[in-house]
Amino acid sequence: KMQLNSKFDVLRGWPKEGALDETFTVYAPGGTPVELPSGTVIYKRTDNTVDKADTPNRTTTNGVAVWVVVEGNDDYSGSFLNKVVAIRANAMIKLDPDNFTAAALPAGTKLTMQSGVFAAAVANDQIIAEVVTDDQAVDGTITIYYTGGDTLML
């Protein structure tokens, strides 16, 4: 399926201005690729494929290098090639409601990742972004600054 109505957008940081981008092969357990639409938070597996990322408990586990998909495998070319393009850090991103867990997310809220979507961080979560504006009441979106960091939520 193709998400033509997605509100996901990279506002600053890509394709220029410093965000690193990379093309990855998608993890395909049992031969069926995991669906990774734009805005999904992913990590690189030991077999060099990518899958949806979950936050580690930073009191016991090192941070995970995460990427955000900017060209997913939910469109024709990504699906055909079984690849996605993702950025590593340093970007201002508008997230579609499918890209984050709905909650009160005022400016400054620290974000982590749960099953490939952004979520408000709680104690011991890895921090990868923070909310710049919460426009859920306006158009359902939030704008974030994505750092790609691996710091701990205290």
Side-chain angles (χ1 to χ4, degrees), residues 1-27 33-45 49-75 78 83-154:
K1 72 181 185 190
M2 195 165 181
Q3 290 190 324
L4 294 176
N5 59 349
S6 175
K7 296 176 183 175
F8 173 85
D9 193 14
V10 179
L11 303 176
R12 284 192 287 283
W14 182 81
K16 299 178 182 174
E17 304 168 25
L20 300 173
D21 66 342
E22 190 72 44
T23 301
F24 296 106
T25 300
V26 177
Y27 176 55
V34 175
E35 188 170 302
L36 302 174
S38 295
T40 304
V41 183
I42 61 173
Y43 77 103
K44 192 172 178 183
R45 297 168 36 89
T49 63
V50 291
D51 197 1
K52 294 176 183 177
D54 281 307
T55 188
N57 180 332
R58 293 290 278 121
T59 59
T60 59
T61 308
N62 289 332
V64 176
V66 293
W67 300 71
V68 174
V69 175
V70 292
E71 295 179 7
N73 65 342
D74 58 334
D75 71 11
K83 294 189 182 289
V84 296
V85 175
I87 58 175
R88 175 67 179 102
N90 195 32
M92 191 81 69
I93 301 172
K94 178 179 280 215
L95 296 179
D96 184 84
D98 288 343
N99 302 138
F100 62 93
T101 302
L105 298 168
T109 300
K110 304 294 188 219
L111 300 174
T112 190
M113 63 286 191
Q114 298 291 342
S115 299
V117 299
F118 288 87
V122 297
N124 304 323
D125 283 350
Q126 178 176 331
I127 305 301
I128 62 168
E130 76 175 58
V131 176
V132 176
T133 57
D134 180 352
D135 293 317
Q136 292 180 81
V138 178
D139 63 1
T141 67
I142 61 173
T143 300
I144 66 166
Y145 174 58
Y146 168 60
T147 63
D150 64 358
T151 54
L152 168 67
M153 180 69 175
L154 300 175

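Along the sequence shown, residues are numbered consecutively beginning with 1.
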[X] side chain to [Y] backbone, donor-acceptor under 3.5 Å:
X	Y	value
N57	T59	yes
E71	T23	no
R45	D51	no
S38	V70	yes

Rounded distance [0.5 Å steps], [atom1] in [X] versus [atom2] in [Y]:
X	Y	atom1	atom2	value
N99	I142	CG	CD1	8.5 Å
K44	T25	NZ	OG1	9.5 Å
T141	D135	OG1	CG	4.5 Å

Partner residues of K52 under the side chain to side chain contact (heavy atoms under 4.5 Å, CB included) criterion, sequence neighbours left out: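 For K52 the side chain to side chain contact (heavy atoms under 4.5 Å, CB included) partners, ignoring immediate neighbours, are V34, L36, T40.
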Any side-chain heavy atom of [X] within less than 4.5 Å of one from [Y]?
X	Y	answer
F8	V68	yes
P37	D98	no
V50	Y27	no
T143	Y145	no

What I want to find out is whether K94 reaches D139 closely enough, with some N-O distance under 4.0 Å, to be called a salt bridge.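 Yes.
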Anything under 3.5 Å between a donor and an acceptor, one on a side chain of residues 112-122, the other on a protein residue two or more places apart or in another chain? List them.
{"from": "T112", "atom 1": "OG1", "to": "T55", "atom 2": "OG1", "distance (Å)": "3.0"}
{"from": "T112", "atom 1": "OG1", "to": "Q126", "atom 2": "O", "distance (Å)": "2.6"}

For F24, what residues pass the ring pair (Phe, Tyr, Trp, His ring centres under 6.0 Å) criterion, not counting sequence neighbours?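 Once residues adjacent in sequence are excluded, the partners of F24 under the ring pair (Phe, Tyr, Trp, His ring centres under 6.0 Å) criterion are W67.
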Heavy atoms only: give me the nearest [X]-[Y] pair and the separation to one decimal.
X	Y	result
I42	A86	CD1-CB, 3.8 Å
N73	K83	CB-O, 3.9 Å
G140	P97	O-CG, 3.1 Å
V64	P56	CG2-CG, 3.9 Å
I144	A129	CD1-CB, 3.9 Å

Between Y43 and D54, does the side chain to side chain contact (heavy atoms under 4.5 Å, CB included) criterion hold? Intermediate values first, please. CA-CA 9 Å; Y43 77 103; D54 281 307; over 6 Å; no
Would T147 and I127 count as a side chain to side chain contact (heavy atoms under 4.5 Å, CB included) here? Give the steps. CA-CA 9 Å; T147 63; I127 305 301; 5.6 Å; no
Among side-chain atoms of N90 and Y146, is any donor-acceptor pair under 3.5 angstrom?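 Result is no, nothing qualifies.
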